[in-house]
Amino acid sequence: MRIGRTLPPAAAPIYMEDIISGLKGLIRGQKEINRFEAELKDSYKVKYCFLVSSGKAALTIILKALHELHPERNEVLIPAFTCYSVPSAIIKAGLKIKLCDINPETLDFDFTQLGDIATISKFKTKNSKLIKNSLLAVLPTHLFGIPADIYQTKKIMNDNELFIIEDAAQAMGGTLKEKKLGTLGDAGFFSLGRGKAFSTIEGGIILTNNKSIADNITKQMKNIPAYSILEIIKLVISSIVLNIFMRPVFFWLPKSLPFLKLGETIFEQEFPIKKISSFQAGLAINWQNKLNKLTKLRRKHTNHWANTFNSKLKIQNSKGQSLLRFPIKIENKQTLNSILSKSDKQGLGIMRTYPNTINNIKELKNNFKNKTYPKATMTSKQMLTLPVHHLVSVSDSLQIKKIINTGIGF
Ligand SMILES: Cc1ncc(COP(=O)(O)O)c(C=O)c1O
């Protein structure tokens, strides 16, 4: 166990003044939430915005709203390599998961397979010549903040009734062809969880311009509970704990406590869905300035890594972006383990990504018998991420570069 300066793999700061703003927000109550919502609508130029307790809560609500619009469709297409929260939300919404392999060069869908999936999902009903589609929605995902090519997905799927939901959980502040990520599909969502581009401890933002989707979400929101006083006290305590322990001088402590499960990706079928609290909205005061600053810094670090490593190691399209973590592929297992162990010893924040593909999640395995997603499987085994956040120093960068270059024999 390392005791000493340790970088978190990803970090969004919560400063003491943010916590004070949070507490002031608590006093202002609903007005504070309305302010955050109005600023988001204005900044993202969308007609509707909803604020909830997490990214997966946001996705569940969106999916339920879509299913109400097309009850005959019940499948949601996602990349086979993504965060486990995504299948969690699909199951919670009562829908079925459909997977597409990924392109390991971009981490986007493998577009050569997407068209086949779109065709297979279409079927003719017995008594009618009408062609129906079991696919309700497809989720292009900006993994680590790398923009997925939504336009290509739309073109291939070629179904006006199929919803494109942008999983921008990791991509708040990012752009594609100068358009803001999160606003390019029928609906999009951001996560405000720990270690995201911008954080309010936990939280989720839904954006849409589609009135029918928004009307259904508005109906659902009426029955979604608010945080209880106890839960708000827990959030306040978490914000103070995070303020202290995300600092590299102290991060070794929570990292060494296995029960905190830091950085672990969990598949959970039951999770709370709540409206965001005024404490979280207060934490987000001045979010545009804060997000802009963090985005600039992460872009600088992203470009540094993109210029440091050769194209065999990198993912396409990472340069010029403001990533959450910089993904690299290390083909040799021994090299990968040696890089990880050196990083752990030196506290450098290099980390694995999702431990497996979605079809290999224990609780879901039976749904994907005889199906394989070889490129997603290979990516899950080979991928490491380098930190790009505001806490990475020049000396950290040099050490990280050294252990990677030594590892790959450069
Ligand atoms: C790609 C992706 N989608 C969805 C989510 C869900 O967000 P949350 O953790 O806020 O529930 C995450 C969270 O890490 C994510 O990385």
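When reading the values below, keep in mind they use all heavy atoms of this one structure, side chains included, and skip hydrogens, waters and symmetry mates. Just so you know, ligand 1 is whichever comes first in the structure, and atom 1 is the first atom listed for that ligand.
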Residue and atom name of the nearest protein heavy atom (relative to [atom]), distance in Å to one decimal:
{"atom": "atom 11 (O) of ligand 1", "value": "K56 N, 2.9 Å"}
{"atom": "atom 8 (P) of ligand 1", "value": "G55 N, 3.4 Å"}
{"atom": "atom 6 (C) of ligand 1", "value": "S85 CB, 3.5 Å"}
{"atom": "atom 4 (C) of ligand 1", "value": "A169 CB, 3.5 Å"}
{"atom": "atom 1 (C) of ligand 1", "value": "D167 OD2, 3.3 Å"}

Lys/Arg-Asp/Glu bridge criterion (N-O < 4.0 Å) met for D215, K219:
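Salt bridge between D215 and K219, a charged N being under 4.0 Å from a carboxylate O: no.
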
Show me which atoms of ligand 1 lie under 4.0 Å from any heavy atom of V86.
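Those qualifying, in numeric order: 3 (N), 4 (C).
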
Check each heavy atom of E202 against ligand 1 and say whether those closer than 4.0 Å belong to the side chain, the backbone, both or neither.
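For E202, there is no contact with ligand 1 at all, from either part.
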
Contact partition for Y354 relative to ligand 1, non-hydrogen atoms under 4.0 Å:
side chain

Check the angle between the aromatic planes of F163 and H70 and answer parallel, tilted or perpendicular using the 30° and 60° thresholds.
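F163 vs H70 ring planes: tilted.
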
Plane angle bin for H390 and Y15 - parallel if under 30°, tilted between 30 and 60°, otherwise perpendicular:
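Y15 vs H390 ring planes: perpendicular.
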
Shortest heavy-atom approach to atom 15 (C) of ligand 1 - which of A58, P79, S54, C83
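Result: the heavy atom closest to atom 15 (C) of ligand 1 is in C83.
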
Filtering K196, Q170, H142 for the heavy atom nearest atom 14 (O) of ligand 1 leaves K196

More than 12 heavy atoms from other groups under 6.0 Å of [atom1] on [X]:
{"X": "K41", "atom1": "NZ", "answer": "yes"}
{"X": "K274", "atom1": "NZ", "answer": "yes"}
{"X": "Q334", "atom1": "CD", "answer": "no"}

Sequence neighbours excluded, every pair satisfying side chain to side chain donor-acceptor pair (under 3.5 Å) that has a member inside residues 293-305
R298-S322

So is T141 polar-close to ligand 1, meaning N/O to N/O under 3.5 Å?
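There is no such contact.
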
Any F190 heavy atom less than 4.0 Å from ligand 1:
no

Side-chain donor-acceptor pairs under 3.5 Å in residues 22-30, sequence neighbours left out?
{"residue": "R28", "atom": "NE", "partner": "E32", "partner atom": "OE1", "Å": "2.6"}
{"residue": "Q30", "atom": "NE2", "partner": "N34", "partner atom": "OD1", "Å": "3.0"}

